[in-house]
Peer 1: 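Got a structure for you, questions after.
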Amino acid sequence: MAYRVVVVGGGAAGMQTAIELKSRGIEPIIVERDIELGGKARGWYKLFPTFTHAREVIGPLAQQVKDMHIRCFYGQEVTQIAPDGVTLRSEERIPADAVVVATGFTLFDAHRKQEYGYGLYDNVITSVDLERMMIGGRVTLADGSEPKRIAILHCVGSRDEKVGQKHCSKVCCITGVKQAIELKEMYPTADVFNFYMDIRMFGPGYEELYREAQERYNVHFVRGRISEAAETINKRIQIKAEDTLTGRPLRMTVDMLVLLVGMSANYDNVKLAASAGLALAPNGYFKARDAFLGVVRSEREGIFFAGTATAPKSLADTLAEASLTASAVDAYLKEKFNIE
Amino acid sequence: MGKYYDMLAQDIRLVEGLKACMNCGVCTAVCPAAEFYNYDPRQIVVMVQRRDDEEIEQLLKSDTIWYCGECMSCRPRCPRGNTPGYVIQALRTLSQKLGFFTESEKGRQQLALKRLIGDNILATGYCLTPRNILPELHPEQGPVWEWIHSNDEAIYGRFSDCYGKEGAGALRAIDKESMEEIRRIFEVSGGRAFYDTIEAHSDRKAREMGYDGATQEYMMETYTLNSENHY
Amino acid sequence: MRNVVFGYGISRPRAIDMDNNDLRKSRDIIAEMPELQACIGCGSCTASCTAGNLTDFNFRKLHTAVRRGEYKGVYAELSKCMLCGKCRLVCPRGINTRGLVMLIKRKLGDF
Amino acid sequence: MSRRASWQEYQKDIAADRYYYARSCIRQNFFPGSEWAFLDILSNRLGIDIYDDPLHTSCTGIGYHSDVVPLETIMTVVARQFSLMAEAGYENFVSSCITSFGIYNEVLATWEEFPETEERTRRYLREATGRELVKPRSIAHTSDIIFYQREAIARKAKHRLINRHTGEPLRVVEHIGCHYAKIFPKSGIGGSEFPYVLAGMIEAWGGDVVDYPERRHCCGFGFRNYLVQANRGSSIANSHKKLESMAPYKPDFIVANCPGCAMFLDKWQYTIAEMDGMAYGADGKGIPVLTYEEMAGLVLGYDPWQLGMQFHQVDVEPLLDKLGVEYDPGAKYLGADGKYIGKPADAAINCPSQRPIYERRK
C-alpha cells in the first residue's frame, strides 16, 4: 500500500508537489478551499519575464493532476494540521503519513492604504485588477476611455510597517516592469511611470527586462514612493511623491494609478500553526526549519512546506520548491518506515 | 565620531522620530515646507542617521532645520514609523542649547519667537492675546482685525463677562496664583533657562553683527529679514 | 485694493510639476539617446566627476531633472562640465554620458 | 463605502457627559463667540455638564511648536491642567484647540512610552505647584463632542445646510487641522486620511462634503512660518494651494476643525485678494470660513453676531442668505453695550469685482 500524504492547497505549489509525489509512488490527496485547482495564478494573464500565458502553466499542471488520478477535495477548508493527518471544517479527519502545507498567500488588501483611495476613486486599481482587465482583453479607465498617462506604484503593502507588512513581496518589482511593458504594447503613445524605492530584479532575465522596459519601451522610472493620491474634478488622479534622485517633491496627474499589491501571510496561518504546534515567522508566514538546509521542512517531523506559505516567491521558484518538497517528503517516509 | 548624535539621542523625540530611514521620500512628498522651500526632510533624517559630527554640526548651524512647520504630515505616512518632524524638533532644541541657531538667518528668528510668544506666556498665561496681535506687525489680519483691535473691550465684551478681568470665560485675566504657578513651572522644568539661553546667544551674535546687543532693533531685523536664499 | 505693504509675497512652489512642465525637449533628448532611459540612478557619473569633486555640480541630478522637464539653469550648470569623459567609463548601463552633456546643451540652448 | 469603512476602523469612545473644558488661545482670540456657543449648546440646549475652570492656562503649545518652550516645560504645564481637572472633580478632558489636543495626546503617549518622563513631570509639578498629577480618563476635542451630538442637534435644527433658493445641499469643504489625527490617527474620528468628524456633522445637517485633491494639505500656519513675518510667504502659499485646488468645486463655505486653520483660511483669502486680485468664491468674493461651532450654531438658529461671525474677514452674509438665516445687518457692528462702534474698512475680498478662479482658468 502506498503511503499517503495530504497536500493542503491546490495552487501551483500544491499541484506540483502532488504530481511529484505521485510519480514517486506516493499517494497524495489535495485539499483545496476553492472549487477548482490553480490558486492565485488563475487570476493572472501573462507571467514575467517571458510573457507566457499563466493558463499555459496552470492548465497543464491541473490536467496532469487529473490524468494521474490524484484525489482532490474541493471547497474544503483545513482547520487543523498534524504529522498524521488533517482535520477539515466539517470535522472530517483525513489521516496521512505526512502533510504538506501549500496554503499560499493572501493578496494585500489595498483598501488598507487609505491614502491611495483604492475603492473610492474609480481609476485607482490594483495590479490584480489590471491582470483581470488584460484577461478580459481591454484595459480602460472607468468611463471606458483609453489611459494616456499611467502611474504604477511599487511596494503597496510591502516594506511598510504601518500596515504590518515589513517584508519585501519580491515579485512586485518585476510585475511592475511586466505590466508597464504590456501597457505600452497596448497604448504605445501613453506615458507609463513606475514609482519605486529599489528595483529588485532577482531572477533570470528580470534585469534584462527592466532595461528593455526603459530603453525600448521608454517606460519612466521615478525613485520615490507615492505619498498620497487624490481624485481631481475630472476623475483623474493627482499624486504626490518625492523624486529622490533630484531631491524635490514631484506632482503629477495621471489617468490611472496601478497599485502593485504585495503578498500577505494568510490570516489563518496563526490558527493552523497553533494546531500543528508550529512557529510563525515575524511577518506571519510559516517558519521553515532552516533558511539553508531545511527550507521545505517545518520544525515538526512529518509536516512540510511548499511555495509561498513560508515567504513570497515567484511562480518559477514555487514550482522548483515544490519538487524539492516532494523529494524531502519521500526521503522522510523512507526513513520513517525503514524502507531499503 | 557621533558626539552630536549622542546629544540628540538624549532627546526622546529623536528616539521616537528616527528608527531607520530607507529613503522612500513619502515625507518630502507631502511636506508643506518642501513645497515652497529648498528643503528635503528625507535628507535631514538621512544626515542624522549617518551620525557624522561635521555634517550634523553644519546642519545645526544651517537654515535648513528651520523651514519645517511641525504640522507632522510626515508622521502618518512613513512606512518605517519614523517622524521627521520629531527629528527636526530635537535638532532645533540642540541647536539652541549649543547656540548654533544664531549662525543662520532663520535660526536667529528664535529670538523674535521667544519674545513674542514665549514672554507673552509668562506675562499673561496665553500664547497670544488680542492686544499683542498688533495690526502693524500683522497686516494680513486685515481691516476687520484692525477694527477689533481698536475696539477690543466693546467687541469681546459681547462674548465674555471677564475680558481682561478675573473669572471664567474667554480672554479672562489669569489669576495671580495661577500665573505664579506657571512661572515656577518654567523655573523648575528648565523653560526659563532655555529662554535665557536664547537671549544670551542672540545677544552675543547681535554684538558680533554690530548691534548694541539683542536690542529691539536686532529682534525686528530677525523678524523681517528674508534674504530670499531659501527657495 | 488698499495697497497694503505686507512685507512678503506668495512663495512659488518648487515641486517638479509634471502636468505643466514642457516635456517636448525632454522627449527629443530621449528620442535621440534612448539609452538615457536606462539610467538606474546609481550616481557613478557624479561620483567620478572631475567637476563634481571641485564644485557642487551633480550630473545625475541634472539629467534626471531634464528628463522631468526641468530645464531652468541646466545649460549654465552644464558649463561646469569639463568633458573629461570619466563618467562614461564608469556608467554601468553604458550610457554615453559625455555625449549626453553635449546633447542636452545642444537641445536646450541657453534656456 | 470605503470612506465609511475607514470611519468604522477609527471610532473612539467619547464620554457622554461631565467634561472639563480647556480653552484655546487662538479660538478665544479670533472666535470668542464659538467658545461661548459651544458651552451654551452643551449646557443649555443639550443639558450636558461642562466645567469652565478659571484656573487653567494656555497649554503653551504654540510656544512649544515654535521651539522656545522645552518639552519638559510643556509636559508640566499639561500636568497642571490635568490636576486642575481632577481637583474640580472631572475626568473627561475636552480641548477647544487642535494644537492643544495634539499636545495632550502626545504628552500622554510619551509618558506611556517613556515612563521616566512621567516621573520627572510629577516631580516638577509637585515642586512648582504642590499639585499631584492625575491623568484624565478620556481626551476629546470639542468637535468630537459636537460630532457625538450631531443627531441630537439635527433634531433641534432650525436650518439645514441647504440652499433655500435652489433646494440643493450646500457644498462644504471641511478642513481638519493637522494635529487632530496626523500625530495619532486613532485619536481622530475617521483616522487621518478620511477624518469623519466634520463630514459627519455636514451629512447629518443636510450638506454635501466636497472632496478635493488638496483636502489633506496643511493650511500652512506652520507656527514660526506664520509667527515671523519674514516666513509668511510660505505660510500663505500653502493656503493658496488649497484654495486653488478647492475653487473648481465651487464650495459654499469652508468649515474648519482647528481655530488656527479657520482664521488663516479666512485671512489669507483677504491677503491673496489684496496681493493678486483673486477671489475663490463662485460669486467673485471670498469663500466664507466657519468654525464647526458656528456651523452648529447656525443650524440651531443662533444669531450670527452672537456667534461672533463679525470677526470674519470674508463676509458671511451671502452664506446666511443661502441658508435663510435672518439677521439684523446693523447689529454686526454693535459693542457690548449695544452701541454702534463703527465699521471695519472695506476689503477687496468682499467686493464682487474680483475675478473668480474658475473664470481665469477658462
Side-chain angles (χ1 to χ4, degrees), chain A residues 108 110 112-117 151 153-169 172-173 193-200 221-230 237-254 257 259-262 283, chain B residues 15-50 52 55 58-59 62-88 229-231:
Chain A
F108 176 76
R112 292 176 59 205
K113 291 295 289 176
Q114 290 175 12
E115 56 265 51
Y116 302 139
L153 173 59
H154 294 225
C155 294
V156 178
S158 304
R159 306 177 73 193
D160 186 352
E161 67 177 54
K162 289 277 159 177
V163 288
Q165 295 272 105
K166 291 187 183 179
H167 60 278
C168 165
S169 293
C172 328
C173 281
F193 293 82
N194 279 54
F195 287 83
Y196 70 97
M197 295 191 291
D198 299 289
I199 293 281
R200 298 182 165 180
F221 285 81
V222 181
R223 196 197 169 284
R225 191 173 192 144
I226 294 174
S227 201
E228 69 176 40
I237 305 298
Q238 176 191 291
I239 54 181
K240 295 185 177 184
E242 182 194 354
D243 182 6
T244 61
L245 297 181
T246 58
R248 285 169 64 186
L250 182 141
R251 306 282 174 257
M252 183 192 280
T253 312
V254 296
L257 171 62
L259 308 175
L260 288 168
V261 285
N283 49 24
Chain B
V15 180
E16 181 66 25
L18 173 53
K19 280 131 189 172
C21 169
M22 60 176 167
N23 273 303
C24 71
V26 288
C27 50
T28 302
V30 290
C31 174
E35 191 85 35
F36 300 104
Y37 286 120
N38 183 8
Y39 175 62
D40 187 344
R42 172 183 59 83
Q43 288 185 20
I44 296 197
V45 169
V46 168
M47 264 186 223
V48 174
Q49 184 169 264
R50 276 200 288 262
D52 181 286
E55 217 175 28
Q58 253 182 26
L59 198 57
S62 72
D63 283 317
T64 317
I65 59 168
W66 300 103
Y67 297 136
C68 164
E70 300 190 10
C71 70
M72 304 297 167
S73 298
C74 47
R75 181 169 156 87
R77 295 281 165 73
C78 177
R80 284 287 186 85
N82 304 317
T83 308
Y86 287 168
V87 175
I88 286 288
N229 292 328
H230 309 287
Y231 308 103

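The figures that follow rest on heavy atoms only: side chains count, while hydrogens, waters and symmetry mates do not. By convention in this document, chain letters (A, B, ...) are assigned in the order of the sequence lines, proteins followed by strands, and residues within each chain are numbered from 1. Predicted model, so just to flag it, every value in this text is computed and none were measured.
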Peer 1: Using only non-hydrogen atoms and a strict under-4.5 angstrom cutoff, which residues of residues 240-249 of chain A touch chain B?
Peer 2: A/K240, A/A241, A/E242, A/T244, A/G247, A/P249
Peer 1: Which pair of non-hydrogen atoms, one from A/R223 and one from B/N23, has the smallest distance, and what is that distance?
Peer 2: NH1-O, 2.6 Å
Peer 1: Looking at every heavy atom in both A/R159 and B/M22, which two are closest together, and how far apart are they?
Peer 2: O-CE, 3.2 Å
Peer 1: Determine whether a donor-acceptor pair (N or O, by modelled atom type, separation under 3.5 Å) exists between the side chain of A/R225 and the backbone of B/A29.
Peer 2: no
Peer 1: Need one label for A/I239: side chain, backbone, both or neither, based on atoms under 4.5 Å from any heavy atom in chain B.
Peer 2: neither
Peer 1: Chain A contacts: which residues in residues 37-45 of chain B have a non-hydrogen atom closer than 4.5 Å to it?
Peer 2: B/D40, B/R42, B/Q43
Peer 1: For atom NZ of A/K166, is the number of surrounding heavy atoms from other residues, nucleotides or ligands below 6.0 Å larger than 12?
Peer 2: no
Peer 1: When only pairs under 4.5 Å are counted, which of A/I226, A/L250, A/D160, A/D198 shares the most heavy-atom pairs with chain B?
Peer 2: A/D160
Peer 1: So which of B/P76, B/C24, B/C31 has the biggest tally of heavy-atom pairs under 4.5 Å with chain A?
Peer 2: B/C24
